[in-house]
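Comments concern the structure below.
These numbers come from the heavy atoms of this one structure, side chains and all, not from hydrogens, waters or symmetry mates. We count ligands from 1, going down the list as the structure has it; atoms in each ligand are counted the same way.
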Amino acid sequence: MKEKISIVVPCYNEQDTLRRLVQEIEKLRTALGACIIELIFVNDGSVDHTLSVMKELSEEDQNISYISFSRNFGKEAAMYAGLCNAQGDYVAVMDADLQDPPELLLQMYDALKTGNYDCAAARRTDRKGEPPIRSWFARRFYRLLTRISDMELLDGVRDYRLMRRSMVDVIIKMHEYNRFSKGIFEWVGFQKCWIEYENTTRNSGNSKWNFWGLTRYAIDGIVNFSEVPLSIASWLGLFMTSVSFLAVVFIVIRKLLMGDPVAGWASTASIIVFIGGLQLFCLGIMGKYLAKVYMETKKRPHFIVAESNIENIKNVG
Ligand code: UDP
Ligand code: MG
């Protein structure tokens with residue numbers, strides 16, 4: 001029997017790119033003749049005609065299915081829904097905008113076929129076409145996260161990858177509500193190989209990320225995979241206690257030696273403001289973790305499917 005490759009494509013307002021993507025995948029079918037290629041489009045609450053394009057495409061080709069959410073749940077939820085419903089022996093996650101070159105799938109498949117790897121992931125060697133400030137922050141973020149978590153996150157790594165069934169099964173068992181897939185892919189381990197390529201710009205449409213969105217994504221990544229910020233709060237507390245102890249000793253000695261000149265209220269006020277700020281900062285860090293715990297305990301679904309052409313769809317997950 002032929003092996004099956006499922007390609008999960010999260011889509012948010014991608015009406016103009018889907019047909020191009022299907023054409024590109026079509027070109028791979030001969031090279032990957034030994035496999036059945038299944039495409040799973042996940043419509044993440046698009047407000048354009050993405051869903052109707054998906055429906056047309058799925059009518060034209062029985063190997064194309066679609067899942068449409070009841071609203072926008074975000075790319076992480078869209079990937080998760082696709083992974084939960086993919087049937088393939090191998091499963092790929094790929095962006096809709098052709099920024100993840102489909103032809104890399106051939107190399108990925110070859111790599112997995114050697115039997116040495118469970119996952120072949122794409123990695124950009126450059127960030128051509130991206131605003132330099134965004135690249136700078138992104139590099140810092142990956143370096144920081146690698147240092148403060150127990151994973152190695154390389155700069156330029158994409159969600160785009162081909163995984164074996166065994167790895168996908170483990171990933172879908174990770175139900176955490178706050179999903180940071182790049183971290184999850186690393187966290188589960190398995191044998192990985194990197195397929196490097198030069199960055200390509202979006203085929204059409206716009207990136208859904210703005211600077212604020214990326215900052216939130218970075219903070220999520222850190223809070224989900226590292227407890228170091230909490231330790232920073234404790235260490236700062238310890239440091240401030242030591243400093244204040246020394247200050248008390250200094251003040252007592254000065255009082256004994258020199259009496260009590262009434263001076264220095266400005267420095268006292270500065271210290272109070274400084275410590276107040278520090279306390280709020282630490283409280284903020286704890287609040288961030290608490291908010292994550294709060295969302296996890298609610299056990300809300302990651303996504304809700306409004307319609308799909310997949311039989312037995314897992315429609316809430
Ligand atoms: N996407 C999604 N839901 C969202 C935002 C984005 O499913 O809320 C999809 C989008 O359609 C695309 C992929 O995620 O297929 C990557 O998005 P984008 O190209 O905007 O990100 P970038 O490539 O700039 O990182
Ligand atoms: Mg993109």
Side-chain angles (χ1 to χ4, degrees), residues 6-22 24-25 39-54 57 64-86 91-102 104-105 121-124 126-139 141-142 153-161 178-183 185 197-218 220-221 302-306 308 317:
S6 306
I7 306 176
V8 172
V9 186
C11 307
Y12 178 60
N13 295 346
E14 302 284 5
Q15 60 178 19
D16 301 324
T17 68
L18 291 188
R19 275 192 183 278
R20 269 288 310 275
L21 178 68
V22 170
E24 293 295 320
I25 299 288
L39 264 172
I40 305 177
F41 288 127
V42 185
N43 173 33
D44 183 18
S46 303
V47 290
D48 62 358
H49 298 294
T50 301
L51 179 58
S52 39
V53 177
M54 283 179 185
L57 290 167
I64 298 182
S65 18
Y66 67 89
I67 299 173
S68 184
F69 286 175
S70 59
R71 66 169 171 85
N72 178 257
F73 281 88
K75 182 184 175 187
E76 292 289 337
M79 287 195 289
Y80 187 55
L83 292 178
C84 290
N85 287 293
V91 184
V93 180
M94 187 190 284
D95 282 3
D97 55 10
L98 291 170
Q99 265 189 307
D100 294 338
L104 290 189
L105 264 186
R123 183 175 175 213
R124 295 189 288 194
D126 63 353
R127 289 176 168 268
K128 205 173 57 201
E130 202 180 71
I133 182 94
R134 178 171 158 175
S135 307
W136 189 84
F137 274 108
R139 284 206 187 94
F141 163 67
Y142 287 114
L153 277 175
L154 300 173
D155 175 43
V157 169
R158 307 276 299 167
D159 289 326
Y160 181 29
R161 60 194 63 220
N178 304 288
R179 290 187 85 74
F180 178 71
S181 289
K182 274 188 193 147
F185 293 144
Y197 71 104
E198 278 182 22
N199 193 29
T200 41
T201 45
R202 216 168 206 286
N203 181 34
S204 66
N206 293 317
S207 169
K208 314 301 178 304
W209 294 99
N210 55 27
F211 195 74
W212 180 232
L214 282 170
T215 309
R216 286 215 314 257
Y217 179 73
D220 270 353
H302 301 82
F303 60 86
I304 299 169
V305 175
S308 170

Who are the side-chain hydrogen bond (donor to acceptor under 3.5 Å, both in side chains) partners of Ser308, not counting sequence neighbours? none
I'd like to check which ligand 1 atoms, numbered from 1 as shown, lie under 4.0 Å from a non-hydrogen atom of Asp95. 13 (C), 15 (O), 16 (C), 23 (O)
Just which atoms of ligand 1 are under 4.0 Å from any heavy atom in Ala96? 15 (O)
Are the side chain of Arg161 and the backbone N or O of Asp159 linked by a donor-acceptor pair below 3.5 Å? yes
With respect to atom 3 (N) of ligand 1, which of Leu214, Asn13, Asp44, Leu98 exhibits the smallest heavy-atom separation? Asp44
At a non-hydrogen distance cut-off of under 4.0 Å, which region of Val9 contacts ligand 1 (side chain, backbone, both, or neither)? neither
Nitrogen or oxygen of Pro10 less than 3.5 angstrom from that of ligand 1: yes
Could you report the tightest heavy-atom contact between Ala86 and Val8, atom names first, then the distance? CB-CG2, 4.4 Å
Straight-line distance of Ser46 OG to Asn72 CG, nearest 0.5 Å: 8.0 Å
Measuring from atom CG of Leu104 to atom OH of Tyr160, what distance do you get when rounded to the nearest 0.5 angstrom? 5.0 Å
Looking at Glu14, is its backbone amide N or carbonyl O close enough to the side chain of Asp97 to form a donor-acceptor pair, meaning the two atoms are under 3.5 Å apart? no
Arg158: which residues meet the salt bridge (Lys or Arg N to Asp or Glu O under 4.0 Å) condition with it, sequence neighbours left out? Asp95, Asp100
Under 2.8 Å from the Mg ion (ligand 2), the protein N, O or S atoms found are Asp97 OD2, Gln99 OE1
Give the residue, atom name and distance (to 0.1 Å) of the protein heavy atom nearest atom 18 (P) of ligand 1. Arg202 NH2, 3.6 Å
Any idea which protein heavy atom is nearest atom 6 (C) of ligand 1, and the distance to it? Lys208 CG, 3.5 Å
So, Tyr80 side chain and Ser181 main chain: donor-acceptor pair closer than 3.5 Å or not? no
Considering heavy atoms of the protein only, find what lies nearest to atom 24 (O) of ligand 1 and give residue, atom and distance to 0.1 Å. Ser207 OG, 2.6 Å
At what distance, to the nearest 0.5 angstrom, does CD1 of Ile64 lie from CG of Leu39? 5.0 Å
How far is atom 1 (N) of ligand 1 from its nearest protein heavy atom, and which residue and atom name does that atom have? Tyr12 CB, 3.8 Å
In short, Pro10 meets Met94 closest at the heavy-atom pair CD-O, 3.3 Å
Closest protein heavy atom (residue, atom, distance) for atom 22 (P) of ligand 1: Trp209 CD1, 3.6 Å
Shortest protein contact, atom 14 (O) of ligand 1 (heavy atom only): Lys75 CD, 3.2 Å
For atom 10 (C) of ligand 1, grab the closest protein heavy atom and report residue, atom and distance to one decimal in Å. Glu14 OE2, 3.2 Å
Quick check on Arg134 - does any of its heavy atoms sit under 4.0 Å from an atom of ligand 1? yes
If we number the atoms of ligand 1 from 1 as shown, the ones under 4.0 Å from a heavy atom of Cys11 are 7 (O), 11 (O)
For Asp97, atoms of ligand 1 separated by under 4.0 Å from a heavy atom: 19 (O), 23 (O)
Distance filter under 4.0 Å to Gly74 heavy atoms, resulting ligand 1 atoms: 3 (N), 8 (O)
CG on Leu18 to CD1 on Ile25, rounded to 0.5 Å: 11.0 Å
Just to verify, what does Ser70 make a side-chain contact (heavy atoms from CB on, under 4.5 Å) with, not counting sequence neighbours? Phe73, Ile304, Ala306
Atom 23 (O) of ligand 1 - nearest protein heavy atom and its distance: Gln99 OE1, 2.8 Å
Determine whether a donor-acceptor pair (N or O, by modelled atom type, separation under 3.5 Å) exists between the side chain of Ser52 and the backbone of His49. yes
Fit a plane to each ring of Phe180 and Tyr217, take the angle between them on a 0 to 90° scale, and name the class: parallel (under 30°), tilted (30 to 60°) or perpendicular (over 60°). tilted
